[in-house]
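The structure presented is a predicted model; accordingly, all values stated were derived computationally and were not measured. Reminder, nothing fancy here: chain letters follow the sequence lines and each chain counts from 1.
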There are 4 protein chains.
Amino acid sequence: MKLKDDKKYARIFGAVLKLVTKKGLAGMTMGDISKEAGIATGTLYVYFDNKDALINALFAACRENSVMVSFRGYDAQQPFKPGFRSIWMNILRYRLHNFEEFIFQEQCYHSPYITAATREKARQLAEPLYALIARGQKEQLIKNLEPDILVAFIIGAMNELVKQIHYTGSTLTKTRMNTTFDLCWDAIKA
Amino acid sequence: MKLKDDKKYARIFGAVLKLVTKKGLAGMTMGDISKEAGIATGTLYVYFDNKDALINALFAACRENSVMVSFRGYDAQQPFKPGFRSIWMNILRYRLHNFEEFIFQEQCYHSPYITAATREKARQLAEPLYALIARGQKEQLIKNLEPDILVAFIIGAMNELVKQIHYTGSTLTKTRMNTTFDLCWDAIKA
Amino acid sequence: MKLKDDKKYARIFGAVLKLVTKKGLAGMTMGDISKEAGIATGTLYVYFDNKDALINALFAACRENSVMVSFRGYDAQQPFKPGFRSIWMNILRYRLHNFEEFIFQEQCYHSPYITAATREKARQLAEPLYALIARGQKEQLIKNLEPDILVAFIIGAMNELVKQIHYTGSTLTKTRMNTTFDLCWDAIKA
Amino acid sequence: MKLKDDKKYARIFGAVLKLVTKKGLAGMTMGDISKEAGIATGTLYVYFDNKDALINALFAACRENSVMVSFRGYDAQQPFKPGFRSIWMNILRYRLHNFEEFIFQEQCYHSPYITAATREKARQLAEPLYALIARGQKEQLIKNLEPDILVAFIIGAMNELVKQIHYTGSTLTKTRMNTTFDLCWDAIKA
DNA sequence: GATGAATGAGATTTCATTCAT
DNA sequence: TATGAATGAAATCTCATTCAT
């Protein structure tokens, strides 16, 4: 008697991510997923109770992953701007390199699959970002607007940039990354 | 003799927009739409060949509408910044006041309902915005980056702001609109 | 106030006949018929109570027409064989020149559209043919088998010949008509 | 693990054949078929892509079956006439005993369900019959007409006979079979 | 646990018929 | 009478989920 197979979770998640950019969340059936993952439909139900649970689990995983990556290498001791910059770059790189995860999360956010609980949990994961903004404001380096507005601005701009870059297929040189960061920085700096 | 009723197009479109915020694009059936519109299911097929066609038509209509509104009152003779500002405000107001249309368009963009042709047509409608950016660059008022990047930045930031404002239910005072515009302007100004 | 238009009956019947070879009886909708006839769907219901009535009416018309033509020029005074021959030729020519009517009747015969009453009426129209066969048998020119069998044989063979000729697109010369008649005659002659 | 069930194909085909004589090809729904076959509607789509595919598959199966049976017991070494006779009898018996299959094929032939490919494949299966006719002509036992004409004549006559016999409910004694064969033979013999 | 056939509720679409003009 | 939009019942087909192996 075999135990649940961790590799299979990965295969299933991978399949969903691959499909979401092609078919969207709406047009993706359990049959599609199982086929893409190379397993039987029934097997999906060994690993997840139902479609909702599957989507929610992947959403949570992506979210956690994305936050972890964002703050990688961040040192609260260093001055604000370079710290903020490295986080900004982390997020940008993450979304570009994990474009499918990024799109998946976007699609989920306004879908009926995601429960209120999952949504709330996702929001909490953004806390460190709010804290960072607060620090910048305290140090009078960042405009003194509501943090919600600032975060929305920063994230919204970045999201669209990522799509732009991905869909036009343009390579992102260091210089270009710098200039786009400057756009953001000029917007929010005090 | 009964003729095809223009009001019915409006009723159908209205129904879809009402439903999309409640159920999402995925969870919206033709039955839901017809019921919401107060007509028989079969009647939907008098006006549209199928669900895809219906969604595409509404998408195109929203897109066109949104562009038309954006440039309302724009006078190319006036100096750049106030012109740009009025357009930016138009877009913001439009998305806030027609939040359902805005969400609908976002949901559509990565869905399998929208055809490549519709997507391309949507892109073309953004041309005036690109032209405006070009003018700003020519007058050396705006940073000399690729217009794609600048547009993505402006639009992305605004989209997220709109959602932020809508979901938190905060009222948008004139002062707040001004400060958010300043965020944008500071980002892109030369 | 206009009266029912005789030309319209013809247009409707013509449309059905044109469609039956293309789409078959099964795949033919009232919409198809009205479009092909160049009238509105609703108008069909001015002329016929419903689809069944329409099909039955056309079936009856075809049947009557086909019988009328079969015995055209037949003179009961002339000797049997030439009389039988001319009738046989009449039937063959009719089916070839009115191939659509012929196919339509075949399709109807085993369809749920045709009522038992219509079917029975159709059978009665074949009476003269039975009478003819009886005469041939009385004159000991034709095999003394049950008339049903003989008629089935003659008609069945001819029907298949007609299709053969029509679909291969071969032209039917006088000589070929004669040889095919001889096939039939050799079969049934005493 | 459950595997696709060959018996289920048979059940489905059986259901269609049972229904076609009752309701005709037109009036037969997928719901009717599944009910008659004692399975769920959805299950039909496990076995066939759609209604067309189902009808085409059954048509092909009937055709193949009918040809196989026709030449059962045929020995090319024996003289022509008894060989031809045994095949003729095979075909007649097959159509009588599998009347539903026979009617189904007839209904299909001019229906929109059957694709050109299926039609062509059906034609090819008739080749052995053409070869047989050719042999008879070579041995100068059969009239020297185009084989198409002869086959059409033989088959057409038989088809109508079969219907005649079936619908009148008359039992087919050996003597009657012989006399009807003689009709056919007298027609085509040199 | 793994499989994929089986299920049936529900989605999309069709179409004979009606109805307002 | 003529029109063709409107209807809704019924047809086809899909798909999340279950179940037998």
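The closest side-chain heavy-atom distance from D/F104 to D/Y109 is not below 4.5 Å.
Contact between D/I33 and D/A15 at its shortest, heavy atoms only, is O-CB, 3.6 Å.
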For DNA chain F, just give me the dot-bracket, please: Watson-Crick or G-U, both distances below 3.5 Å, ( ) intra-strand, [ ] crossing earlier pairs, | paired with another strand, . unpaired. .||||||||||||||||||||

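Residues that satisfy the side-chain hydrogen bond (donor to acceptor under 3.5 Å, both in side chains) test with B/Y47, not counting sequence neighbours, are absent from this structure. For A/R63, the side-chain hydrogen bond (donor to acceptor under 3.5 Å, both in side chains) test picks out A/Q105, with sequence neighbours left out. Partners of B/T118 under the side-chain hydrogen bond (donor to acceptor under 3.5 Å, both in side chains) rule, at least two apart in sequence or in another chain, are B/N56, B/T115.
Classification of the B/F99-B/H166 ring pair by plane angle, with boundaries at 30° and 60°, yields parallel.
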Show me the side-chain donor-acceptor pairs of residues 19-28 of chain D shorter than 3.5 Å, one per line, residues at least two apart or across chains.
{"unit_1": "D/T21", "atom_1": "OG1", "unit_2": "D/K18", "atom_2": "O", "d": "3.2"}
{"unit_1": "D/K23", "atom_1": "NZ", "unit_2": "D/D32", "atom_2": "OD2", "d": "3.3"}

Dump the pairs, protein N or O against N or O of nucleotides 11-15 of chain F, anything under 3.5 Å, distances to one decimal.
{"unit_1": "F/dT12", "atom_1": "OP1", "unit_2": "D/K51", "atom_2": "NZ", "d": "3.0"}
{"unit_1": "F/dT12", "atom_1": "OP2", "unit_2": "D/M30", "atom_2": "N", "d": "2.8"}
{"unit_1": "F/dC13", "atom_1": "OP2", "unit_2": "D/Y45", "atom_2": "OH", "d": "2.9"}
{"unit_1": "F/dC13", "atom_1": "OP2", "unit_2": "D/K51", "atom_2": "N", "d": "3.1"}

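Contact annotation: D/K8 reaches the phosphate of E/dA6 (side-chain N/O to OP1 or OP2, under 4.0 Å).
Atom C1' of nucleotide E/dC15 and atom CG of C/L25 are separated by 15 Å, given to the nearest angstrom. Rounding to whole angstrom units, CD1 of residue A/I33 and C1' of F/dT17 are separated by 13 Å. Taking atom CZ on C/F48 and atom C1' on E/dA16, their separation rounds to 15 Å, with Å as the unit. One atom, CZ of A/R11, and another, C1' of E/dA2, lie 12 Å apart when rounded to the nearest Å. For the pair A/Y9 OH and E/dG1 C1', the computed distance is 12 Å after rounding to whole Å. Here E/dA16 presents its C1' atom at 15 Å from CD1 of C/I12, a figure rounded to the nearest Å. Atom pair B/K4:NZ and F/dA6:P shows a separation of 9 Å (rounding to whole Å applied). The distance from atom CG of B/L44 to atom C1' of F/dA5 is 13 Å, rounded to the nearest whole Å.
Minimum atom distance to the side chain of D/Y47 is reached by E/dA5, of the listed E/dA5, E/dA2, F/dA2. Counting only heavy atoms from C-beta on, B/A40 has its side chain closest to F/dT7 among F/dA6, F/dT7, F/dA2.
With respect to B/K163 and B/E106, a salt bridge is recorded, a charged nitrogen being found less than 4.0 Å from a carboxylate O. Taking a cutoff of 4.0 Å between a charged side-chain nitrogen and a carboxylate oxygen, B/E36 and B/R11 do not qualify as a salt bridge.
Among the protein residues, B/I39 comes within range of the sugar-phosphate backbone only, with heavy atoms under 4.0 Å from sugar or phosphate atoms but none that close to a base.
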